[in-house]
Novice: 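Before I ask anything, let me first share the structure, which is written out below as structure tokens.
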Amino acid sequence: MSAARVTASRVERVRAPFGRRAAPITAREVHGAYVVLRCADPEGPRPEPGQFYMLSAAERWGGGQDERPFLPRAFSVMLAPSDTDELHFLLEDVGPGTHRLRELELGDALHLVGPLGNGFAQPRDGRRALLVGGGVGIAPLAIWQEQGEKIAYAKQPLLGFRDAAHAAGAQLLAGALVATDDGSVGHQGLVTDLLSAELDRDPRVEVYACGPPGMLEAVRALCSARAVPAQLALESGMACGFGACFGCVVPTRGGYLRLCVDGPVLDAAQLERVQ
Amino acid sequence: MSAARVTASRVERVRAPFGRRAAPITAREVHGAYVVLRCADPEGPRPEPGQFYMLSAAERWGGGQDERPFLPRAFSVMLAPSDTDELHFLLEDVGPGTHRLRELELGDALHLVGPLGNGFAQPRDGRRALLVGGGVGIAPLAIWQEQGEKIAYAKQPLLGFRDAAHAAGAQLLAGALVATDDGSVGHQGLVTDLLSAELDRDPRVEVYACGPPGMLEAVRALCSARAVPAQLALESGMACGFGACFGCVVPTRGGYLRLCVDGPVLDAAQLERVQ
Amino acid sequence: MSVEFCGIELEHPVINASGTFDAIAAHRAFGDELLEQFPFAAFVSKTVTLAPRQGNPPPRLWELAGGMLNSIGLPNKGLRGYLAEDLPRLAELPVPLIVNVMGFGRDEVAELVSAFAEREEVAAVELNVSCPNVETGLVMGADEREIDRLLRRVRPLTDKPLVVKLTPNASDVPAVARAAEAAGASALSLINTIRGMAFDPRSGEPWLGGVTGGVSGPAVRAIALAQVHAVCDAVEIPVVGMGGVQSGADAADLLLAGARIIAVGTESFRDPAAGLRVASELSQLGANGGNPALRGGVLGPASGGS
Amino acid sequence: MSVEFCGIELEHPVINASGTFDAIAAHRAFGDELLEQFPFAAFVSKTVTLAPRQGNPPPRLWELAGGMLNSIGLPNKGLRGYLAEDLPRLAELPVPLIVNVMGFGRDEVAELVSAFAEREEVAAVELNVSCPNVETGLVMGADEREIDRLLRRVRPLTDKPLVVKLTPNASDVPAVARAAEAAGASALSLINTIRGMAFDPRSGEPWLGGVTGGVSGPAVRAIALAQVHAVCDAVEIPVVGMGGVQSGADAADLLLAGARIIAVGTESFRDPAAGLRVASELSQLGANGGNPALRGGVLGPASGGS
Ligand SMILES: Cc1cc2nc3c(=O)[nH]c(=O)nc-3n(C[C@H](O)[C@H](O)[C@H](O)COP(=O)(O)OP(=O)(O)OC[C@H]3O[C@@H](n4cnc5c(N)ncnc54)[C@H](O)[C@@H]3O)c2cc1C
Ligand SMILES: Cc1cc2nc3c(=O)[nH]c(=O)nc-3n(C[C@H](O)[C@H](O)[C@H](O)COP(=O)(O)OP(=O)(O)OC[C@H]3O[C@@H](n4cnc5c(N)ncnc54)[C@H](O)[C@@H]3O)c2cc1C
Ligand SMILES: Cc1cc2nc3c(=O)[nH]c(=O)nc-3n(C[C@H](O)[C@H](O)[C@H](O)COP(=O)(O)O)c2cc1C
Ligand SMILES: Cc1cc2nc3c(=O)[nH]c(=O)nc-3n(C[C@H](O)[C@H](O)[C@H](O)COP(=O)(O)O)c2cc1C
Ligand code: FES
Ligand code: FES
């Protein structure tokens with residue numbers, strides 16, 4: 001757990017109010033394949049980039065496919081504008097939980113617990129921050145970019161998507177360089193193509209990455225090969241989000257870590273590989 | 001089961017198409033405490049008065065209170081106008097199943113199985129039919145009245161309700177005489193008060209009754225005391241509605257009967273008492 | 001996707017769970033349409049006992065999150081009534097007939113098994129040693145020694161396949177399964193309902209007339225899957241997998257766990273034609289290879305002609 | 001509605017189920033607010049074993065209709081790590097501490113029980129003889145002779161209350177309960193998770209890293225109720241009822257079944273403060289007499305001061 005402590009020590013962990021609270025939906029925007037849900041959270045603190053919330057619908061959580069969902073679902077906070085009490089979440093419909101949440105409309109309520117977990121740490125020894133995102137994994141990068149201005153000027157974000165419908169999400173970050181699998185938008189290929197080109201140009205960066213496991217492993221391998229530090233926001237199946245169930249572990253050099261309390265942001269150096 | 005056979009033999013049992021079919025909601029009317037749901041059932045036959053259907057919502061059946069409902073729910077057909085392919089059902093919200101069904105709107109779909117069970121038989125030896133209903137139990141009387149014209153001229157229906165909100169249901173039958181517990185509408189007291197008065201006036205009737213157990217038992221006792229034949233449409237908790245689960249039994253002089261296949265209409269003579 | 005089960009050729013791998021479909025009552029409700037599109041590849045009748053039984057007092061049903069609780073109590077006409085009234089009509093079904101029997105003690109089981117030994121109408125006999133609503137049902141099925149004694153007693157009495165229906169309310173179901181196999185069982189079926197209970201929210205008294213009952217439906221699916229998997233690892237004889245099956249995907253999971261065929265129970269209450277739907281979803285999965293269980297794989301060895 | 005349990009005064013009858021709430025991790029997530037409104041009347045720690053354990057490989061979770069399946073595999077720091085790192089911090093909790101231990105064999109259990117015998121911080125010891133994810137857990141808890149031997153061995157080693165946590169995966173849970181009582185158990189707790197399994201819909205392989213896991217949540221509620229009811233009929237010692245509790249009404253059912261106090265497990269994952277909510281709903285039910293369990297009744301004998 002030492003490595004995790006290091007990460008933790010470099011970021012101010014914002015604590016969650018105890019328990020689950022209701023948050024009314026204030027807006028719902030469609031961005032291609034994604035939906036952005038906004039809710040009002042007056043009782044909650046402003047989260048740090050990389051932190052997440054456990055979300056469920058206050059009504060009808062259950063009764064979907066296989067009569068699921070039953071457990072809450074984890075979502076990175078995508079934006080938390082400091083001049084509002086709003087939280088923004090980015091959702092992709094991949095199953096009964098995200099499907100139900102995407103249905104929510106103005107007036108409906110979320111149940112939320114959070115902010116949870118360790119967010120991103122500041123770049124090490126004056127490196128510039130380079131944001132690399134894949135698919136719905138762009139969410140924590142958006143809030144990093146918004147707040148990142150304060151801590152270090154960031155480079156142009158590199159984002160990868162499946163196709164044009166998903167690439168519509170790119171507009172959620174400022175001035176992103178995009179790659180798509182089908183080439184319908186930007187570079188045809190993987191976001192790691194863009195990353196290695198960028199690292200050729202300037203290796204004095206620290207990478208902040210979030211996306212599917214395959215992409216994160218490619219980023220990890222690339223960065224370790226170039227001795228570039230990286231912070232990876234991982235995902236794993238979670239039941240509770242606050243360390244209660246021991247269900248969300250990921251293998252690290254230090255053994256299994258509970259991603260919800262020792263992550264979700266891990267230092268790439270902690271990982272043998274992303275699975 | 002012999003008595004049940006007698007009843008059965010005196011009524012044409014209409015058979016259900018095999019399996020469960022989807023029926024789109026065509027209308028939804030509120031009548032005080034009740035909702036009338038109409039659906040289109042082109043594939044189904046026209047049911048007989050007293051028959052019922054097993055209903056569930058095609059979408060979101062489950063996920064309510066205690067994550068119920070799970071099983072379909074039984075509902076008497078209230079009307080099946082012969083010039084349409086519509087079925088009308090009368091619903092009172094008493095739990096997760098009726099609650100969910102009451103939410104259904106135009107365009108939503110029901111899953112239905114039916115028509116099921118034995119309906120009402122014709123009146124014996126030229127007696128006039130006297131309809132006695134309580135609460136949501138008026139449903140099978142409405143279709144009886146509509147079709148009853150053909151088989152025998154019926155007397156003024158006697159209906160009992162809790163209060164004015166429920167008494168609004170009385171308009172679903174023609175020319176009903178109403179009693180309410182709180183006296184807000186019609187006679188203050190029980191519908192059996194009206195019944196005994198009517199039997200004093202003219203005992204040459206056959207009673208057709210449907211309502212809560214307490215009322216049905218009072219009707220049964222009254223009729224047997226006056227040697228007036230009666231057909232009672234009972235209720236019991238059902239899982240399947242077609243004789244598969246043996247869950248819906250009611251005690252009769254002939255032992256336990258499955259109400260779904262040997263009822264729901266029973267001859268009062270079959271019963272020691274209604275429980 | 002026809003399947004061979006204990007020498008019986010089945011058109012597809014989906015049959016009914018005993019006590020969850022009454023073909024005679026269903027014929028009254030649905031008429032001949034039922035026979036034209038009979039939902040199961042074989043019909044398993046509700047448990048028959050030696051003496052007639054009224055069953056438990058109502059209420060007999062309680063609804064759960066994703067399932068139900070029943071305390072039916074094995075009502076049936078008894079052996080004589082079944083032979084006289086039901087068997088002739090069940091013999092007219094378009095599919096093979098499996099008779100499920102339960103006896104209070106080995107003598108009764110022996111008498112029941114013998115009674116069906118000579119009846120052509122009967123393709124196989126299923127021994128219910130597991131009904132959680134009747135004391136003895138539990139005892140026999142939960143103890144490997146009891147099962148051994150029972151089968152050594154009744155196995156010689158018939159050439160018909162004997163399917164032993166195991167109880168899930170046992171410490172070591174695979175051990176009971178092995179004992180049944182060793183003593184000559186032709187096949188095993190599981191799971192039966194799991195003992196459960198509910199209280200009347202109004203009175204605070206037990207809701208069910210039988211006080212306790214059996215849980216079935218999706219709520220037991222994961223438990224059934226684990227028990228079927230453990231039993232299939234323990235024995236060579238074919239297994240009928242059941243417990244919470246609602247879809248072809250659920251059926252495929254049981255096949256993956258090692259079952260030869262599967263049974264649909266509670267889902268028939270929600271959809272009388274569930275058996276047909278599950279069977280066609282299953283063959284769909286096979287066709288588009290959606291599930292590895294059906295990509296040639298699991299069904300391979302079992303699948304016959306088609 | 002304070003309650004006395006094994007001589008421990010509890011502010012209300014709701015505690016946590018072992019392994020479903022990590023007070024130390026929760027303090028990291030929620031800060032001191034957790035301590036100010038601690039959700040349980042006593043804190044039960046996750047199972048401690050003699051040697052440290054990494055636990056099972058992921059995935060460890062699978063969601064079910066109204067519940068979940070877990071194969072966590074009892075990860076923990078081992079006795080030494082627990083004594084050094086966790087116990088001092090858990091001792092600062094505002095409620096009594098119950099330590100849950102499990103040993104691979106009687107000697108290990110004896111060593112674990114002895115280690116806590118002299119620790120003031122520990123109010124009681126719970127023996128996990130029932131974890132379905134670890135072979136020996138099942139064996140001891142499923143067999144009355146094993147339980148008898150275990151308790152005769154460890155009972156003399158401590159004056160602290162010994163709570164035996166029974167396994168639901170047994171043929172005759174009340175028999176095991178009676179054996180535990182006879183051999184000196186101070187109380188019993190049940191149910192633990194019920195063995196279950198799931199397959200990866202994509203690969204057709206078992207989903208869980210541990211292959212099989214344990215089912216918990218509403219899906220097991222009716223089963224838990226039946227087992228608690230049967231056990232409470234069989235013994236005099238107090239019982240901790242658990243299994244699928246989500247509301248005060250669910251808790252009241254377990255009290256009706258005879259439990260002295262109840263535990264909340266899986267529901268805490270959905271609502272970290274579920275313990276508080278269940279306790280207040282329970283006292284509401286008592287207040288407005290909504291449930292006979294609480295109209296003076298069940299809580300009567302147990303309820304102390306307030
Ligand atoms: C820290 C963190 C942050 C996240 N941030 C975001 C975000 O910002 N936006 C976003 O869209 N998503 C995010 N996710 C992912 C999100 O939590 C999952 O997509 C969501 O939980 C899926 O739930 P579902 O019911 O829609 O899909 P599920 O049905 O849960 O399917 C999702 C995956 O779970 C597995 N699965 C399938 N069935 C089951 C079952 N019965 N039990 C258990 N697992 C099953 C399969 O691998 C499947 O691919 C985040 C996850 C974590 C851990
Ligand atoms: C032949 C027949 C015809 C009917 N016709 C009509 C009709 O025309 N209109 C109409 O409104 N109703 C009708 N009913 C009644 C209707 O079927 C029930 O009201 C309905 O099933 C209630 O379901 P629910 O989920 O809304 O309420 P439930 O929650 O099922 O509550 C209804 C009753 O069931 C019991 N109950 C509570 N919880 C449970 C549980 N978990 N499991 C099992 N039982 C429980 C209680 O006694 C409760 O009062 C008819 C019933 C029958 C048998
Ligand atoms: C209402 C009902 C009645 C049942 N009756 C019997 C029976 O008579 N004999 C028997 O062996 N099993 C009986 N069972 C158990 C089923 O055959 C089956 O084992 C169990 O329900 C699990 O399958 P399911 O979840 O698909 O329902 C009954 C189950 C239910 C729900
Ligand atoms: C994720 C998880 C981990 C658990 N770990 C333990 C454990 O370490 N020791 C133990 O005795 N029980 C353990 N249990 C069982 C619970 O204590 C409880 O007996 C069971 O979950 C039933 O209660 P519930 O339905 O309220 O969750 C665990 C349960 C879950 C869901
Ligand atoms: S999600 Fe429960 S411990 Fe991480
Ligand atoms: S409801 Fe199933 S037999 Fe009547």
Side-chain angles (χ1 to χ4, degrees), chain C residues 62 64-69 132 138-139 141-143 167-173 176 194-206 211-215 217-230 244 246 249 252-257 290-295 297-298, chain D residues 62 64-69 132 138-139 141-143 167-173 176 194-206 211-215 217-230 244 246 249 252-257 290-295 297-298:
Chain C
W62 180 257
L64 303 172
M68 61 180 280
L69 193 53
L138 172 70
V139 175
D143 176 27
T167 173
N169 305 299
S171 311
D172 191 349
V173 179
V176 177
I194 301 176
R195 205 178 308 94
M197 186 178 186
F199 286 91
D200 183 337
R202 294 209 190 75
S203 69
E205 296 298 315
V211 182
T212 62
V215 180
V220 305
R221 191 186 299 148
I223 299 170
L225 209 48
Q227 292 203 1
V228 169
H229 184 256
Q246 296 188 289
D253 280 348
L254 285 165
L255 297 177
L256 273 175
N291 188 311
L294 306 171
R295 287 199 219 96
V298 174
Chain D
W62 180 257
L64 303 172
M68 61 180 281
L69 192 52
L138 173 70
V139 175
D143 175 27
T167 174
N169 304 300
S171 311
D172 191 350
V173 179
V176 177
I194 301 176
R195 203 178 309 95
M197 185 178 187
F199 285 90
D200 183 336
R202 293 210 190 75
S203 69
E205 296 299 314
V211 183
T212 63
V215 180
V220 305
R221 191 186 298 146
I223 299 169
L225 209 49
Q227 292 202 3
V228 168
H229 184 257
Q246 296 188 288
D253 280 348
L254 285 165
L255 296 177
L256 272 175
N291 189 309
L294 306 172
R295 288 198 217 95
V298 174

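Excluded from the calculations below are hydrogen atoms, water molecules and symmetry mates; all remaining heavy atoms, backbone and side chain alike, are included. Here is the naming used below: chain letters follow the sequence lines, and residue numbers restart at 1 for every chain.
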Novice: Heavy-atom distances under 4.5 Å only: say whether D/Ile223 touches chain C with side chain, backbone, both or neither.
Specialist: both

Novice: Under a 4.5 Å heavy-atom cutoff, which of C/Ala226, C/Pro206, C/Gly217 has the most pairs with chain D?
Specialist: C/Ala226

Novice: Mind checking side chain to side chain donor-acceptor pair (under 3.5 Å) for D/Gln227 and listing every partner two or more places apart, or none if nothing turns up?
Specialist: none

Novice: Between atom CG of C/Asp143 and atom CG of D/Asp172, what is the distance when rounded to the nearest 0.5 Å?
Specialist: 11.0 Å

Novice: Ignoring hydrogens, what is the shortest heavy-atom contact between C/Val215 and D/Ala222? Give both atom names and the distance.
Specialist: CG2-CB, 4.1 Å

Novice: The criterion is side-chain contact (heavy atoms from CB on, under 4.5 Å); which residues satisfy it with D/Ala257, sequence neighbours excluded?
Specialist: C/Phe199, D/Leu225, D/Val228, D/His229

Novice: For the residue pair D/Ala142 and C/Ser171, what are the closest heavy atoms and their distance?
Specialist: O-OG, 3.8 Å

